[in-house]
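Input: a single structure, listed below in structure tokens.
Below, chains carry the letters A, B, ... as their sequence lines are ordered, and counting in each starts from 1.
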Protein chains: 2
Amino acid sequence: MDLSERQLQILQAIINDYVENAEPVGSRSIAKKYDLGVSPATIRNEMSDLEEMGYLTHPHTSAGRVPSDKAYRLYVNNLMKKKNLSARDKRLINERLAASRDEFDATIRHAAELLSEITHLTSFALTPATNEETISFIRLLPVDERTIILMIVGESGNVTNTTLRLKVPYTQERLDLLSKNMTVTYKGRTLDDVLKSHIIEDVGTDIAALNALEAGVMPGFLRTLEDMLNVNLYMEGMTNIFNLPEYSSIDRARDFMQLFAQKDWFTQKILQRADGVVVTIGDENTMMKDCSLITATYHVDGKLVGKIGVIGPTRMKYGEVTSLMEYLTNNLSESFRLTDGEDKTERNDK
Amino acid sequence: MDLSERQLQILQAIINDYVENAEPVGSRSIAKKYDLGVSPATIRNEMSDLEEMGYLTHPHTSAGRVPSDKAYRLYVNNLMKKKNLSARDKRLINERLAASRDEFDATIRHAAELLSEITHLTSFALTPATNEETISFIRLLPVDERTIILMIVGESGNVTNTTLRLKVPYTQERLDLLSKNMTVTYKGRTLDDVLKSHIIEDVGTDIAALNALEAGVMPGFLRTLEDMLNVNLYMEGMTNIFNLPEYSSIDRARDFMQLFAQKDWFTQKILQRADGVVVTIGDENTMMKDCSLITATYHVDGKLVGKIGVIGPTRMKYGEVTSLMEYLTNNLSESFRLTDGEDKTERNDK
DNA sequence: GTTAGCACTCACCCAATCAGAGTGCTAATC
DNA sequence: GATTAGCACTCTGATTGGGTGAGTGCTAAC
């Protein structure tokens with residue numbers, strides 16, 4: 001049972017009004033503000049029908065109507081139209097991202113900043129997931145008699161290193177030999193893959209002398225792989241929600257803040273989401289039932305996939321936020337396209 | 001004009017009571033709970049005197065007394081006695097820190113976690129400041145035709161790296177030569193020092209061929225130095241304050257949260273504080289007038305200095321918190337003492 | 001110097017009241 | 001049959017006023 005054209009208009013009007021003012025909207029104010037050519041009474045009848053169908057709710061008898069999650073879903077799927085970003089916002093984004101273009105993590109952090117500045121909501125950004133990253137080479141460098149640096153370099157330019165203190169002394173040759181052996185063994189394999197075959201493989205059983213050194217290095221190697229797999233989460237604008245009426249109760253505010261207390265858990269939840277712009281509204285979220293969450297994906301060199309996102313109350317300017325996120329992720333993916341011949345340097349220091 | 005013994009007793013009683021219950025304490029309840037051998041009326045007179053001297057305040061005529069910042073200061077300086085940690089807390093700390101002993105940043109994060117878990121306040125930890133860190137060596141490693149990794153290693157084992165995309169191709173020899181030249185030029189100098197002499201020095205003017213490569217590397221080198229100088233801030237238990245009555249108003253809670261919105265600013269403020277256990281109470285803080293802030297320092301290998309801290313309302317168990325922090329920083333410094341011969345690995349991946 | 005006694009002051013809670021916004025229904029109108 | 005005007009009804013939120021209890025400050029007695 002479809003909604004009539006007029007019902008859609010009314011629903012849209014209610015959503016617009018509620019998103020703007022955060023107060024239950026009555027029939028009279030709709031009739032006045034939006035020129036629908038019908039009287040408040042008619043609107044009341046339609047509202048009553050819309051409520052019966054589950055698109056509106058009623059805080060109490062004598063209050064106006066509030067859109068339900070279902071209404072927002074309908075809005076996002078059918079009614080919402082893309083907004084063009086203001087020239088000001090576009091310029092802001094271009095400038096800010098260009099400024100930190102050289103530094104990978106900084107760019108991503110800036111994207112999150114922009115997101116929260118423009119939407120006045122809470123935003124976040126994840127550095128790309130590196131499950132698919134493959135090992136390019138492994139290098140061991142001497143520091144002093146007992147200390148070496150282990151460095152793992154991925155094909156996409158990810159670099160992670162650890163300082164290792166060894167029990168036994170080493171020689172330069174042995175170090176080089178082990179570097180080479182490890183590179184040969186692991187080159188081309190994904191981080192995930194190597195880590196899962198957790199069993200410390202015999203990297204160089206044929207060279208018996210290596211074993212002591214190797215044994216000293218392996219735990220650090222695995223730990224570094226793990227570290228390389230971790231994505232970084234940058235959060236911005238957490239305190240923005242304090243300006244929203246829906247979080248004027250301390251309990252709601254606390255619940256919201258606690259979402260981010262466990263960063264790891266939150267990160268996992270975000271990583272599980274599909275690619276592209278994804279909107280989940282209220283109850284559709286397992287994490288926080290009275291929030292909406294919008295995520296979008298950007299690409300690095302067309303391969304690795306990172307995410308940015310916005311969290312706010314279900315009362316949110318979906319059209320504007322999704323358009324902004326599309327623009328932002330396009331811009332990011334463009335920045336991170338490592339076409340050759342370009343004078344581009346990239347940071348990897350997570 | 002000193003306080004009499006009895007006045008001190010009463011003041012201490014009021015502080016104890018208020019810290020415990022967060023409610024203005026009246027003369028009668030002091031007389032009842034603490035056996036001071038005098039009647040409520042006498043206590044009232046003393047309280048009146050203490051108020052005149054600025055140690056107590058009065059929310060309104062018919063309310064009990066509340067300790068002022070000045071009272072807490074007196075308490076911290078003179079009255080407070082060290083508490084022994086419970087066996088449970090000690091074990092908790094030892095176990096948790098030992099578990100992540102290998103990973104530098106993780107250990108520090110765990111210290112902050114412990115601090116907030118045990119005190120039920122908001123805590124933070126800073127990785128050591130690296131102003132004093134000196135450069136040990138610089139290494140350039142090839143990745144592909146146009147990409148190299150720049151790695152700076154400090155004497156204390158700090159390692160930071162960047163991936164650089166070059167305009168011009170390079171050869172292995174030139175890379176090695178530049179590595180050596182840079183190492184010779186910068187070895188033993190502090191990061192700060194090198195960065196301040198910002199002028200791109202002529203690393204190898206005698207070898208004309210190097211110039212193009214060198215020019216491509218220098219900006220990345222300086223950026224990496226900057227990055228190496230940054231300290232990491234880990235915050236824990238931010239939502240703990242929601243359980244405290246003083247933050248039941250949304251405005252106070254917002255103000256508190258906004259303190260941490262600008263991490264960089266906050267970090268700077270903390271870095272400026274003196275070494276050792278430092279307590280600043282209420283108005284003594286420029287940052288947040290109605291909080292108390294306690295910081296303490298730990299050492300890495302006896303040299304580099306990092307900080308941990310706790311923030312909460314001025315109503316705080318100063319004795320317990322400072323004792324805890326002393327224990328924790330001792331434990332941390334102990335963990336980070338890089339005595340030789342030990343099988344210790346240390347992470348540097350900030 | 002200490003204490004008992006007592007008037008006084010607020011903050012807090014509760015109930016009652018009132019105005020305003022908005023609905024839901026009915027009956028009249030197009 | 002759809003639309004609208006009119007009106008009774010409902011509920012919230014702000015305001016008011018009395019009652020209670022905790023606690024002070026003062027005075028006079030010990």
Side-chain angles (χ1 to χ4, degrees), chain A residues 1 3-11 13-15 17-18 20-68 71 245-246 248-249, chain B residues 1-11 13-15 17-18 20-68 71 245-246 248-250:
Chain A
M1 75 167 171
L3 298 183
S4 71
E5 186 57 32
R6 191 170 67 188
Q7 284 175 324
L8 286 175
Q9 282 180 349
I10 292 175
L11 188 56
I14 292 173
I15 292 176
D17 206 82
Y18 186 71
E20 196 64 44
N21 305 311
E23 262 162 32
V25 3
S27 52
R28 219 175 98 84
S29 68
I30 291 290
K32 234 193 287 184
K33 278 192 235 174
Y34 303 82
D35 195 23
L36 300 177
V38 288
S39 77
T42 309
I43 294 178
R44 271 207 292 286
N45 289 332
E46 297 285 28
M47 281 167 131
S48 179
D49 290 350
L50 285 168
E51 180 163 6
E52 210 172 324
M53 289 185 272
Y55 291 105
L56 295 176
T57 57
H58 223 180
H60 57 87
T61 347
S62 73
R65 297 313 209 288
V66 172
S68 66
E246 24 267 285
S248 59
S249 117
Chain B
M1 77 162 168
D2 272 349
L3 297 184
S4 71
E5 186 58 31
R6 192 169 67 187
Q7 283 175 324
L8 285 175
Q9 282 180 350
I10 291 175
L11 189 56
I14 293 173
I15 292 176
D17 208 81
Y18 186 71
E20 196 64 45
N21 305 311
E23 261 161 36
V25 3
S27 54
R28 219 176 97 84
S29 69
I30 291 291
K32 234 193 289 185
K33 278 191 234 174
Y34 303 82
D35 195 21
L36 301 178
V38 290
S39 77
T42 309
I43 294 179
R44 271 207 291 286
N45 289 332
E46 297 285 29
M47 280 168 131
S48 179
D49 291 349
L50 285 169
E51 181 163 6
E52 209 171 327
M53 290 185 271
Y55 291 106
L56 296 176
T57 57
H58 223 182
H60 57 87
T61 347
S62 72
R65 297 315 208 289
V66 172
S68 66
E246 24 268 286
S248 59
S249 116
I250 203 83

Contact summary for B/R65 and B/S48, nearest pair of heavy atoms: NH2-CA, 3.8 Å
Interatomic distance, A/I30 CD1 vs C/dG22 P [rounded to whole Å]: 11 Å
Between atom CD1 in B/I10 and atom P in C/dT2, what is the gap in whole Å? 10 Å
Toward the 5' end of DNA chain D, by each residue's nearest nucleotide, B/G64 or B/N45: B/G64
Nearest atoms (heavy-atom pairs only) where A/S39 meets A/A31: C-CB, 4.5 Å
Any side-chain N or O of A/R6 below 4.0 angstrom from OP1/OP2 of D/dT3? yes
Look at the side chain of A/R44 and the base of D/dG6, then say whether one donor and one acceptor between them are separated by less than 3.5 Å. yes
For B/E51 and D/dG25, give me the distance from atom CD to atom C1', rounded to whole Å. 11 Å
Nearest-Å distance, CD1 (B/I43) to P (C/dG1)? 17 Å
Value in whole Å for how far the C1' atom of D/dG1 lies from CG of A/D49: 15 Å
Just N and O in the side chain of B/R65: are any of them under 4.0 Å from OP1 or OP2 of D/dG23? no
OP1 or OP2 of C/dT2 sitting under 4.0 Å from any side-chain N/O of B/T42? no
Side-chain contact check for A/A41: nearest option of D/dT4, D/dT24, C/dT3 is D/dT4
Go through the steps to decide whether B/V38 and B/E46 satisfy the test side-chain contact (heavy atoms from CB on, under 4.5 Å), and finish with yes or no. CA-CA 11 Å; B/V38 290; B/E46 297 285 29; over 6 Å; no
Between C/dG24 (P) and A/M47 (CE): distance, integer Å: 9 Å
For the side chain of A/S27 and the backbone of A/I43, is there at least one donor-acceptor N/O pair under 3.5 Å apart? no
Roughly, in whole Å, what's the span from NE2 in B/H60 to C1' in D/dT24? 11 Å
Whether B/T61 contacts C/dC10 is assessed here as follows: a side-chain N or O lying under 4.0 Å from the phosphate OP1 or OP2. Is that the case? yes
Exactly one of B/I15, B/V66, B/L11, B/I10 clears side-chain contact (heavy atoms from CB on, under 4.5 Å) with B/L56, and that residue is B/L11
Mapping B/S62 and B/S39 to their closest nucleotides on DNA chain C, which lands nearer the 5' end? B/S39
A/L56 has an atom CG; how far is it from atom C1' of C/dG22, in whole Å? 14 Å
